[in-house]
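Keep in mind that the numbers below use all heavy atoms, side chains included, and drop hydrogens, waters and symmetry copies. Positions are given from 1, in the same order as the sequence printed here.
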Amino acid sequence: MTPAEIAPKDRLIVPLDLSSPEAAEAMVAKLGDSVTFYKIGYQLAYAGGLPLIGKLADTGKKVFADLKMHDIGNTVMRGVESVAKLGATFLTVHAYPQTMKAAVEGRGGSGLKILAVTVLTSYDDDDLHAAGYRLGVSELVEARAQQAQVLGVDGLVSSPEEIGALRKIVGHQMSLVTPGIRPAGAPSGDQKRIMTPGRAIAAGADYLVVGRPILEAADPRAAADAIQAEIAQALG
Ligand SMILES: O=c1ccn([C@@H]2O[C@H](COP(=O)(O)O)[C@@H](O)[C@H]2O)c(=O)[nH]1
């Protein structure tokens, strides 16, 4: 799907980073038609939230399974085959060559799109060096993007700071999904590479993942509406 083909409303992905399926369903009800795309990650998946993928898909919502898989190739391939049956639109794996290759094999022609997480948005150069990496964030993101493209991965997760460089490498053949989004003045929390929704869209991001600024707002629906308005304005 080219950026022009993505419905503006679908560009906002809200992570259901909540403690139970009931809490997640209550948030979905609160957000109503303001949000069309949800993400299920560790907190909800490990609290029994995986069946929500199919449930939300059945109501017309899109779902991103942010399971960030990384294991030996055979295990990743079989795990992806299982997720492909759940009805998700996107599934994440870490951007290691063996892992990405196995994930692409596992998704086959299922329609599930594999996103490779390049470098987590909570990491900066010092964090990478502390973890034993020689490359800094921008070099590692770009190297992993090149590998992902060669391996047939469908999209990348990065911070919006890397979008310009990534577009030069992958063009519009891969979806670029960006967490680390903070409306002006919102606390960054543990995110280190951040940008506002408007600037991220202007930089060329396809999808924005915005969690705590919506989930922890006094009025989550109003917070989501404000971000949707900022996205629409940036798209012109
Ligand atoms: O590099 C990454 C990859 C995934 N995430 C996930 O996105 C959301 C961000 O939530 P906020 O509350 O808006 O910070 C969260 O579910 C992460 O697991 C990421 O932040 N960075």
Side-chain angles (χ1 to χ4, degrees), residues 1-6 10-11 13 15 37-42 45 53 57 62-123 128 131 133 135-181 193 200 203-209:
M1 190 179 277
T2 66
E5 290 167 341
I6 306 169
D10 288 354
R11 289 169 178 269
I13 302 178
F37 211 148
Y38 287 100
K39 182 172 90 67
I40 294 180
Y42 286 3
I53 296 177
K62 293 180 198 294
V63 188
F64 168 3
D66 189 14
L67 302 179
K68 296 190 187 71
M69 290 186 181
H70 185 43
D71 205 318
I72 62 168
N74 184 62
T75 300
V76 171
M77 181 178 71
R78 299 295 175 210
V80 173
E81 283 173 359
S82 296
V83 175
K85 296 178 187 138
L86 301 180
T89 298
F90 291 145
L91 167 67
T92 42
V93 302
H94 281 289
Y96 287 77
Q98 276 189 18
T99 302
M100 294 190 284
K101 183 170 181 287
V104 169
E105 279 169 22
R107 71 106 155 90
S110 64
L112 176 69
K113 302 286 183 208
I114 302 296
L115 304 179
V117 180
T118 55
V119 173
L120 290 167
T121 51
S122 59
Y123 277 51
L128 282 182
Y133 289 89
L135 300 180
V137 169
S138 48
E139 295 87 357
L140 189 55
V141 167
E142 289 170 35
R144 287 179 163 175
Q146 275 156 0
Q147 290 174 327
Q149 188 178 34
V150 169
L151 291 166
V153 169
D154 304 296
L156 301 167
V157 177
S158 77
S159 111
E161 292 177 3
E162 293 94 44
I163 291 292
L166 289 178
R167 281 287 177 223
K168 285 190 190 133
I169 297 169
V170 305
H172 288 287
Q173 284 168 338
M174 296 172 85
S175 299
L176 300 183
V177 179
T178 57
I181 303 296
R193 303 188 340 268
D206 291 317
Y207 298 93
L208 313 184
V209 178

message: Show, in sequence, the C-alpha distance, side-chain angles and deciding distance for E105 and E81, and conclude whether the side-chain contact (heavy atoms from CB on, under 4.5 Å) test is met.
response: CA-CA 9 Å; E105 279 169 22; E81 283 173 359; over 6 Å; no
message: Do S175 and D154 make a side-chain contact, defined as non-hydrogen atoms from C-beta onward lying under 4.5 Å apart?
response: no
query: Closest approach of V83 and A65, non-hydrogen atoms and distance?
result: CG1-CB, 4.3 Å
message: If we ignore hydrogens and angles and just use 3.5 Å, is the side chain of R11 paired with the main-chain N or O of D206 as donor and acceptor?
response: yes
Heavy-atom side-chain contact between V170 and L176 under 4.5 Å: yes
message: Could you check whether any side-chain N or O of R193 sits under 3.5 Å from a backbone N or O of L120, counting only pairs where one atom can act as donor and the other as acceptor?
response: yes
- prompt: From M174 CE over to R167 CZ, what is the distance, rounded to the nearest 0.5 angstrom?
  reply: 10.0 Å
message: Please check this pair: side chain of D71 against backbone of V76, looking for a donor-acceptor N/O pair closer than 3.5 Å.
response: no
task: Supply the atom-to-atom distance L140 CG to S158 OG, rounded to the nearest 0.5 angstrom.
output: 12.0 Å
message: Using only atom types and a distance under 3.5 Å, with no angle test, would you say the side chain of T178 pairs donor to acceptor with the backbone of Y207?
response: yes
Trace of the side-chain contact (heavy atoms from CB on, under 4.5 Å) decision for K39 with V209: CA-CA 8 Å; K39 182 172 90 67; V209 178; 3.8 Å; yes
- line: I181 and A200 have their tightest heavy-atom pair at CD1-CB, 3.6 Å
- prompt: If we ignore angles and hydrogens, is there a donor and acceptor under 3.5 Å between the side chains of T99 and H94?
  reply: no
message: Are V137 and E161 packed together at the side-chain level, in the sense that at least one heavy-atom pair is separated by less than 4.5 angstrom?
response: no
T92 (side chain) donor-acceptor with L67 (main chain) under 3.5 angstrom: yes
field: Heavy-atom side-chain proximity of D10 to K62 below 4.5 angstrom
entry: yes
- prompt: Are side-chain heavy atoms of V119 and Y133 found at a separation under 4.5 Å?
  reply: no
query: Roughly how far apart are L166 CG and Q149 CD, rounded to 0.5 Å?
result: 10.5 Å
message: For the CE atom of M77 and the CD1 atom of I72, what is their distance to the nearest 0.5 Å?
response: 10.0 Å
- prompt: Looking only at heavy atoms, what is the nearest atom pair of I114 and V93, with distance?
  reply: CG2-CG2, 4.0 Å
task: Identify the two heavy atoms, one from L112 and one from A88, that lie closest to each other, and give their separation to 0.1 Å.
output: CD1-O, 3.4 Å
statement: On a heavy-atom basis, the closest approach of T118 and V141 is OG1-CG2, 3.8 Å
- prompt: Tell me, do F37 and F90 make a side-chain contact under 4.5 Å, heavy atoms counted?
  reply: yes
statement: Between L86 and S82 the two heavy atoms that sit nearest each other are CG-O, 3.8 Å
task: Measure the shortest side-chain to side-chain distance between L156 and E162 over non-hydrogen atoms and say whether it is less than 4.5 angstrom.
output: no
- request: Would you check, one step at a time, whether the test side-chain contact (heavy atoms from CB on, under 4.5 Å) holds for Y96 with R144?
  value: CA-CA 8 Å; Y96 287 77; R144 287 179 163 175; 3.5 Å; yes
- prompt: What's the spacing between H70 NE2 and T75 OG1 if we round to 0.5 Å?
  reply: 11.5 Å
- prompt: Partners of Q146 by side chain to side chain contact (heavy atoms under 4.5 Å, CB included), sequence neighbours excluded?
  reply: I169
